[in-house]
Each structure stands twice: as structure tokens, then as C-alpha cells.
Trainee: 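Following this message is one structure expressed as C-alpha cells.
Below, chains carry the letters A, B, ... as their sequence lines are ordered, and counting in each starts from 1.
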2 protein chains.
Amino acid sequence: MNAADLRLPVDVPSTALFTDRYELTMLQGALRSGTAHRRSVFEVFTRRLPEGRRYGVVAGTGRVLDAVENFRFDTGVLEFLADRKILDEATLGWLADYRFRGDIWGYPEGEVYFPGSPVMRVEGTFAEAVLLETVILSILNHDSAVAAAASRMSVAAGERPLIEMGARRTHELAAVAAARAAFVGGFTSTSDLAAGFRYNIPTVGTSAHAFTLLHDSERDAFRAQVDSLGEGTTLLVDTYDVAEAVAMAVEIAGPGLGAVRIDSGDLLLLAHRVRRQLDELGAKDTKIIVTSDLDEYAIASLAAAPVDAYGVGTQLVTGSGHPTCSMVYKLVARADEDGADAPLRPVAKKSMGGKASVGGRKWAARRPDACGVAEAEVVGTGEVPAELVDRQLLVPLVRGGEVVAREPLSAARDRHAQARAALPMSATQLSRGEPVLPTEYL
Amino acid sequence: MNAADLRLPVDVPSTALFTDRYELTMLQGALRSGTAHRRSVFEVFTRRLPEGRRYGVVAGTGRVLDAVENFRFDTGVLEFLADRKILDEATLGWLADYRFRGDIWGYPEGEVYFPGSPVMRVEGTFAEAVLLETVILSILNHDSAVAAAASRMSVAAGERPLIEMGARRTHELAAVAAARAAFVGGFTSTSDLAAGFRYNIPTVGTSAHAFTLLHDSERDAFRAQVDSLGEGTTLLVDTYDVAEAVAMAVEIAGPGLGAVRIDSGDLLLLAHRVRRQLDELGAKDTKIIVTSDLDEYAIASLAAAPVDAYGVGTQLVTGSGHPTCSMVYKLVARADEDGADAPLRPVAKKSMGGKASVGGRKWAARRPDACGVAEAEVVGTGEVPAELVDRQLLVPLVRGGEVVAREPLSAARDRHAQARAALPMSATQLSRGEPVLPTEYL
């Protein structure tokens with residue numbers, strides 16, 4: 001993917017500007033002091049999960065790879081930085097040739113994580129690695145927050161499909177990333193056409209109340225929709241009276257009507273009533289889709305109701321109460337001098353107010369118990385114990401600046417389902433609790 | 001702005017795909033049933049403010065205008081819709097020529113709003129107006145949520161500058177919009193270079209803990225930064241010991257040191273200690289900037305502390321607990337037949353579960369009391385009472401498809417400050433309460 005071929009309605013020419021100014025001023029300072037080319041290791045991790053959550057979900061990894069590939073300082077960006085006097089000439093010259101040539105390791109997309117899990121590790125010179133902080137955190141913090149909510153909702157929904165329909169509740173491009181993250185977390189489809197276009201996620205959608213209100217009667221609207229989309233369509237039945245609408249829907253579409261959608265009212269009660277009515281009308285295969293400010297708890301409360309699919313908007317795209325993940329990007333080790341072979345020294349900020357970091361380049365592994373169920377997230381520096389070598393979680397994503405870990409989105413989705421299934425059973429309780437695995441430091 | 005000139009690292013070619021699929025299937029159904037060209041009025045409003053909030057802030061209006069201008073179905077989009085069999089040939093043909101040719105009215109950007117305020121009104125044929133629902137809501141719901149949080153923070157900060165630094169906590173493009181909305185709400189600057197590039201918002205930033213850790217000592221790091229950025233820079237003093245760092249900072253930069261930044265610990269206590277130390281060292285003009293998970297309450301709690309500026313990240317970009325505004329886009333009136341002169345009929349969904357709408361094309365005005373303080377948000381259909389004619393809130397934004405209300409972002413920022421100042425005093429209490437103005441329907 002070449003940045004020059006990419007077009008979008010915000011005229012920012014490259015991912016290089018998705019960057020806090022201080023990344024660039026640090027670069028300038030380090031170039032001046034001669035420390036810019038010290039080999040450095042940055043790690044992404046969270047100090048805690050959102051309150052009550054039992055696991056986190058890594059999402060956005062594929063988008064990070066896109067962002068790193070497109071992280072270039074082209075003429076337009078350099079002119080901006082020069083015009084605003086943000087950087088000196090030497091730094092602008094260095095940036096003109098910039099591209100990331102280091103290595104990135106990470107938990108593969110869809111994997112679960114816990115407090116302290118080094119979900120991504122960026123290695124290179126300080127200069128090349130520090131610049132990626134902001135955009136990597138933006139992507140992982142947003143996408144992982146949505147994926148975590150999606151994962152909980154997919155647990156609550158069981159085998160029933162989940163439709164992502166939150167585009168209108170979040171920034172128009174965050175919506176595209178949210179649909180992608182929701183798919184990783186277990187959602188089935190999206191209402192967002194941009195997500196279908198960009199990530200090939202199946203799109204769905206038929207009509208809103210406006211369509212009914214546009215027509216002279218609900219009957220006219222239903223007939224128009226069935227004429228246009230066929231009897232397999234989903235008719236929205238709560239614009240006026242639900243029971244009348246359901247009767248009319250089956251009358252017009254016939255018993256082969258695909259589905260009815262209920263978007264307001266007491267969904268539990270209505271689902272039972274509508275199911276009974278549909279069955280009595282002979283529309284035994286007509287499905288019931290519910291959509292109305294659902295979250296994982298509302299979905300769970302409908303588990304015993306005759307509901308066939310859930311559409312989720314606001315609570316999904318806002319991370320169900322936790323719209324960001326508090327992942328940080330910290331320098332954990334660096335060399336004392338230039339050169340690829342200079343030994344690394346662990347570094348860490350002093351603890352104050354809970355902002356401590358653990359220094360050193362880390363590995364991570366998930367230790368299973370005798371039955372194969374995960375029992376601990378083990379994070380260490382130095383050598384990996386022999387029994388954990390094959391249980392390591394970090395995989396190479398970028399080597400020498402080249403992306404080495406492209407995969408279809410469905411791979412991340414499958415991986416998430418497997419990783420979640422390997423956790424202790426209490427992982428998928430919706431009630432508040434502690435992280436389901438302790439993090440052990442070796 | 002021409003869509004073809006716009007480039008960004010998500011390869012979606014136009015704002016037309018920031019759309020829920022059902023908008024397009026409704027279009028297809030309406031084209032089939034002959035209702036697509038009925039004159040229609042859609043309104044954007046919220047049923048309630050987030051719990052405890054006393055006013056909302058309209059933000060994103062300028063971005064809506066960009067999105068409407070770029071809402072075109074080019075070849076790439078049409079091929080996608082055809083390939084996935086989302087639409088029939090007739091609808092695809094209609095979309096190829098699409099551009100919005102109707103009218104949009106709205107509360108001007110920065111204006112405050114209340115439950116039921118018709119913050120935007122889109123008028124045109126059903127076909128042309130229904131398509132804009134998703135992207136308009138995405139923008140207004142996101143940007144207004146951030147602006148509302150920003151406004152509360154700017155009340156808490158008083159005259160002290162507020163720095164937006166939340167890019168890493170939200171989607172990388174949501175971050176750009178968030179910086180813009182924060183500026184409307186009263187913020188002074190941003191760390192986000194893309195926001196500086198795109199919206200000309202002043203950018204700031206100097207260094208993070210990584211810069212100190214990169215160097216062999218804090219002294220080396222401070223010297224490197226002062227060498228690079230001058231004595232007016234801001235030194236980060238909480239990597240190791242704050243008191244030692246402050247002493248060293250003044251020693252290295254001299255009493256002309258621009259500022260010190262404290263990013264952890266008990267900010268209230270530290271601010272007092274650091275101020276005293278700076279004064280004793282003769283650095284009486286050196287400012288103190290604090291940044292550490294601040295929200296409006298933390299900012300308010302520092303009002304009496306010797307703090308000169310606040311940097312705010314997570315809580316700003318996530319709307320301080322309310323990351324979206326629950327604005328909806330509802331058909332409120334439509335004609336029974338085609339034609340620009342066909343009379344409008346109010347329409348509304350039946351109330352169920354609090355999802356009622358008030359039908360009819362609405363005006364809105366803010367009624368002042370005898371002292372000029374706002375006392376009610378008056379919303380009505382039909383004729384505007386004479387005493388409210390000059391108090392109307394909706395202004396033309398688009399006429400016949402042409403944008404007529406471009407303005408610099410500073411105009412929206414100034415408008416917000418004025419609108420907020422005209423509210424009753426209790427508007428700016430941070431404690432939870434009811435909307436500060438009642439909404440009266442005429």
C-alpha cells in the first residue's frame with residue numbers, strides 16, 4: 001500500500017502526522033546530543049484492565065502494520081514542520097529519509113492479554129522507534145477497547161449472530177476500525193459500508209423507521225420493501241403497533257419472510273409475543289432481530305428469549321463503558337552507545353502514583369496447568385524457561401522494516417475464539433472480577 | 001475541496017461509504033415505490049443530555065459541511081455496491097449522479113443545546129436526505145461529546161491554558177477531530193500534529209520520560225533538551241526525584257526556564273512544593289504544567305494550586321465518561337407527493353420505551369429573561385412568535401447543495417464562550433444536575 005494512492009476526506013497526507021509533537025522534539029534533542037541512534041526497546045502494555053474486566057483483547061495489529069508502512073515524511077509534511085518552526089533543518093533532513101527499519105514483535109491480533117502483558121515490542125534506534133509511539137497507541141488503545149467489548153458480547157450471545165451497527169455513535173473512521181475490531185471479537189457483520197469496502201466484513205441492513213414514515217401507510221412501506229428486497233428481507237415492526245405490523249408483514253411477505261426487527265420497548269416480552277404470533281401465522285422460520293441500546297448484559301438477559309440475532313451500536317463502539325485501554329509505550333531498555341550490537345541496559349521511570357514500569361526487554365508466555373487450561377501470564381527478562389519456550393506469546397510482526405505477519409482478518413477472529421476458550425471458565429463471566437490470570441514476573 | 005485530492009491511510013474513496021447499508025436499501029425501496037422524491041425534513045436532536053450534564057455543545061458542524069460536499073458515489077464505490085449485490089441497477093444509476101442539492105440548517109458550531117434542540121435540519125427529497133444520516137450523526141455525536149467535556153474542563157481551568165494531548169487514547173483520526181472539538185470547547189493547543197496541519201490549531205510538546213531514560217543521566221537529558229529547544233522549553237521533572245530535577249532544571253536552563261511538567265504523583269502537593277522551590281531558585285516566571293489523567297474535577301481541585309497550564313488526554317477524547325451524544329436523525333415531516341411545493345405532513349414514530357419523536361419541521365429560539373440571561377429553549381412548529389424571531393438558533397448552512405456557512409474555527413470557539421456565558425450561572429457547576437434550561441414546545 002502506497003500512501004500516495006490512498007485517499008480520504010481528511011487531508012492528512014501520511015500516518016506520520018498522527019504523532020504528538022513531542023516525539024519529534026525528542027528526536028531533535030537526541031540528534032543534537034548524539035543519543036538518537038542508540039539501540040532502544042519500547043514496549044506496549046497496560047498497568048491494569050478496566051475495572052472488573054477479566055481479560056483484554058489485542059486488536060488493531062494489522063492496522064498498526066499499515067500505519068508503520070505508511071509512516072513517511074513527504075514534502076507536504078516537512079513543509080508544515082518547517083513553516084511552523086517545529087523542527088530544525090538537521091532534523092527535517094533526517095526525517096526526509098525516514099522509514100522504520102527496525103523490528104516489531106507483538107501478541108498476534110485476537111490474542112488475550114493481562115496487566116503487564118508486553119502486547120507489542122518495538123526495537124530499533126531511539127530515533128526510529130520513538131516516532132511510532134502515538135500512532136501505535138492510538139490504534140491499539142481504540143481497537144482493543146472495542147474488541148474487548150465485542151468479545152464479552154459474543155460470549156453473551158452464544159451462537160446467535162451479532163451485527164455491529166454503531167457507526168453513527170462514533171467518529172466516522174473510528175467506526176470503520178470499530179467494525180473491524182468487533183469482527184475480531186466475534187461479531188458477524190456490520191452495517192458500515194466502509195468497513196465492508198475496506199476489510200471485506202459482511203454488511204447488512206434493510207430499513208429504518210423513516211422508511212415506514214415516508215410511505216402513506218405501514219402497509220405501503222412493507223410492500224415497497226418486499227418488492228425491492230424480496231421476501232427474505234427484515235421488516236422493522238415497531239413504528240406503530242407491533243402486533244399489527246407483524247400480522248401485516250407476514251400477510252405481505254408470506255411465511256417466507258426473512259426476519260422482523262424490534263428496535264424499542266421491552267425486548268424480552270416482545271420477543272416472546274412476536275415469536276408466538278409468527279409461529280401462529282405459520283412463519284416458523286422468520287427470525288427475530290433485536291436492536292435497542294444493547295450491551296453484553298442486555299444480550300445475556302435475552303439468552304432464554306426467542307431472539308435470533310442482536311444488533312449492537314453505542315455500547316460496542318464505546319467499549320461498553322471503557323472506550324480506551326490505557327496502553328502505554330515505554331522505553332524499557334537501551335544501549336549506552338550506537339551500534340546494533342551494543343548491549344542493552346534496562347531502564348524505567350521511578351514509581352510515583354502507580355506509574356512504575358518494569359525495565360528490560362521482555363518475553364511473555366502463557367503457562368497451562370496439567371489440563372491445558374491457562375493458569376498464569378508469565379512475563380520475564382532474560383532467558384525463557386525451557387518449559388515455556390513453546391508457549392511464548394510474542395511473534396515477529398516486522399523484521400528490518402518489512403512487515404512479515406500479514407494475515408486475513410478471519411485469522412485474528414479465529415485466534416481470539418481459541419485464546420478465550422483456553423482461559424479458565426470464569427474468564428467469560430460478565431460479572432465484575434479480577435483478571436482471570438495472574439501476571440507473574442520472572 | 002475535491003475528494004480526489006484527499007489522501008489518507010484508510011483507502012475509502014469518499015465520505016459516501018461512511019454510511020449504514022440500510023440508508024441505501026431504503027433508497028432503493030423508495031425509488032421502486034415512487035416515494036423517493038417526496039420532499040422530506042430530517043432533524044438531528046437528542047432526547048436527553050448525558051446524566052447530570054447541564055448543557056450540550058454543538059461541534060463538528062464544519063466537518064459535516066466537508067462530508068456533505070464530498071459525499072459522492074464514484075466508480076470505486078459503485079463497483080463495490082454492485083459486486084456485493086447490495087443495490088439494483090436502477091439505484092446504482094441514480095447514485096452515480098448523486099450530490100446533495102437540498103438545504104441544511106443548524107445550530108451554528110459552538111452553540112449550546114438541550115434535550116429536544118433541533119441542532120440540525122436537513123431538507124430535500126427523501127432520497128437525497130436519508131443518505132446523509134450516518135455520516136452526519138457520526139460527526140456530531142463524536143465531536144459534540146468531546147466539545148462538551150472540553151467546555152466543562154475550560155470552565156474548571158478558568159484563564160489557565162488547556163493542552164489537548166489525548167491522541168494516543170483514541171482512534172488516530174478521531175484524535176484529529178477531538179483536537180478540533182476541544183478547541184471549540186475552549187482548549188488552547190494540541191499535541192496532535194495532524195490537528196495542527198489540518199485545522200491550524202497551535203501544537204505544543206517537548207519531551208517524555210523516554211527522553212530522560214535514553215540519556216546517561218537526567219542532567220544529560222535536560223542539557224540536551226535545552227541545547228535543542230532553548231531555555232524557554234518545558235522540562236519533565238518527575239522521572240526520578242522531582243526536587244532534584246527542578247534544581248537541576250534551573251541550574252541548566254537558568255531562571256529563564258520556560259516551564260516544568262509534572263506527570264505523576266500528588267499534583268496538588270507537588271505543585272505547591274515545586275512553585276516554592278522555583279521561586280527560591282529565582283525562577284519566578286517558570287511555569288508549572290501538570291498532566292496526569294486529568295478531568296474537569298481534577299482540574300477544579302487544582303484551582304487554588306500554583307499551576308499554570310493543564311494537559312488533558314484520556315478524559316477529554318472520551319468525553320469525560322460520555323464518549324457519544326445519542327443524537328438521532330429523524331424524519332419529522334414529508335410531502336404526500338413529489339414536487340418542491342407539495343405541503344409537508346408531520347410524521348413521528350409511536351412512543352414505545354421512550355423513543356418518541358415530535359413530528360413537524362421545527363424552529364428553535366432561546367428566550368432571555370428581563371436581564372438578558374437565557375431562561376428557556378423554545379422549540380416549535382409553525383409560526384415563530386414575534387418576540388422570538390430575532391432569537392432563533394437555526395442558521396442556514398447549505399442552500400441548494402451549496403455550503404453557505406464556512407467560518408474559521410476560532411469563530412466557533414468564540415461563539416461557544418459567548419453562548420455559555422449567556423446561560424444561567426448554574427450552567428457551569430460541575431456537580432450533577434438537570435439541564436440548565438427547560439425545553440418548551442410550542
Trainee: Kindly give the heavy-atom pair with the smallest separation between Arg334(A) and Leu214(B), and that separation in Å.
Mentor: NE-O, 3.2 Å

Trainee: Would you please name every residue forming a salt bridge (Lys or Arg N to Asp or Glu O under 4.0 Å) with Arg261(B), sequence neighbours left out?
Mentor: Asp263(B)

Trainee: Who pairs with Ser228(B) by side-chain hydrogen bond (donor to acceptor under 3.5 Å, both in side chains), at least two apart in sequence or on another chain?
Mentor: Gln28(A)

Trainee: Does any backbone or side-chain atom of Leu24(B) lie under 4.5 Å from a heavy atom of chain A? Answer side chain, backbone, both or neither.
Mentor: side chain

Trainee: Tell me whether Thr324(B) contacts the main-chain N or O of Arg169(A) through its side chain, where contact means a donor paired with an acceptor under 3.5 Å.
Mentor: yes

Trainee: Would you sort out whether Lys349(A) and Thr212(B) count as a side-chain hydrogen bond (donor to acceptor under 3.5 Å, both in side chains), showing the intermediate values?
Mentor: CA-CA 9 Å; Lys349(A) 178 185 181 307; Thr212(B) 300; over 6 Å; no

Trainee: Considering only heavy atoms, which portion of Ala175(B) lies under 4.5 Å from any heavy atom of chain A: side chain, backbone, both, or neither?
Mentor: neither

Trainee: Just by distance, do the side chain of Arg168(B) and the backbone of Glu133(A) share a donor-acceptor pair under 3.5 Å?
Mentor: no

Trainee: For Asp20(B), does its backbone N or O pair with a side-chain atom of Ser191(A) as donor and acceptor, under 3.5 Å?
Mentor: no

Trainee: For the backbone of Ala167(B) and the side chain of Ser138(A), can you confirm whether one donor and one acceptor N or O come within less than 3.5 Å of each other?
Mentor: yes

Trainee: For chain A, which candidate among Val347(B), Asn141(B), Thr134(B), Thr206(B) shows the most heavy-atom pairs at distances under 4.5 Å?
Mentor: Thr206(B)

Trainee: Can you name the closest pair of heavy atoms from Gly29(A) and Ala224(B) and give their distance?
Mentor: O-CB, 4.1 Å

